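Just so it is clear, the structure is predicted and the values come from calculations on it, not from any experiment.
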Amino acid sequence: NRLKDCLAVAAATDTLLIMEPSVLESIKDNIPAMPCPVLLLCDGVSKDHSTASEITQIDVDEWVRLVAERPHSMVWD
């Protein structure tokens with residue numbers, strides 16, 4: 001399970017960015033176990049205020065800002 005691999009290396013100084021809202025359904029029970037902030041990329045139209053409180057929704061502008069601030073990234077697919 002890729003999520004277990006991610007959990008094994010994630011630290012409090014990391015940020016987990018979920019790029020597809022559909023992924024949330026398969027990992028939502030594990031989100032409280034994440035040691036770092038969890039962000040969900042949403043376009044302006046699809047922001048959904050019913051998302052779990054542990055998840056912060058961001059738009060494309062916020063995503064670009066995050067990428068500029070963080071020089072290192074890992075992809076988990």
Side-chain angles (χ1 to χ4, degrees):
N1 183 332
R2 300 298 300 194
L3 181 60
K4 288 179 184 175
D5 294 341
C6 180
L7 282 168
V9 299
T13 57
D14 295 324
T15 300
L16 175 64
L17 174 63
I18 300 170
M19 309 248 340
E20 291 291 328
S22 60
V23 172
L24 276 179
E25 192 59 35
S26 64
I27 69 165
K28 67 181 178 183
D29 294 337
N30 295 297
I31 298 236
M34 291 301 300
C36 60
V38 178
L39 307 178
L40 173 63
L41 179 62
C42 297
D43 60 26
V45 176
S46 67
K47 277 198 172 183
D48 176 7
H49 297 289
S50 67
T51 303
S53 61
E54 297 92 357
I55 301 169
T56 301
Q57 296 182 41
I58 65 171
D59 60 20
V60 173
D61 290 337
E62 292 165 308
W63 172 62
V64 170
R65 204 169 17 260
L66 178 69
V67 171
E69 291 170 0
R70 306 279 181 133
H72 177 77
S73 65
M74 295 178 72
V75 176
W76 300 90
D77 55 7

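A donor-acceptor distance shorter than 3.5 angstrom exists from the side chain of Glu62 to the backbone of Asp59, with no hydrogens or angles considered.
Leu16 contributes atom CG, which lies 10.0 Å from atom CG of Leu40 (distance to the nearest 0.5 angstrom). One distance of note links CD1 of Ile58 with CH2 of Trp63; it measures 9.0 Å at 0.5 Å rounding. In this structure, the separation between CG on Asp14 and CE on Met34 is 8.0 Å, given to the nearest 0.5 Å.
What you find for Cys36 and Ala10 is that their closest heavy atoms are SG-CB, 4.3 Å.
The closest side-chain heavy-atom distance from Ile18 to Leu24 is below 4.5 Å. Arg70 has its side chain within reach of Thr15: a pair of non-hydrogen atoms, C-beta onward, lies under 4.5 Å apart. In this structure, Thr56 and Val38 have side chains that are not in contact, with every pair of non-hydrogen atoms separated by 4.5 Å or more.
Among pairs with a residue in residues 16-25, those fulfilling salt bridge (charged side-chain N to carboxylate O under 4.0 Å, His left out) read Glu25-Lys28, at least two apart in sequence or across chains.
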List the steps and the verdict of side chain to side chain contact (heavy atoms under 4.5 Å, CB included) for Leu39 and Ile55.
CA-CA 5 Å; Leu39 307 178; Ile55 301 169; over 6 Å; no
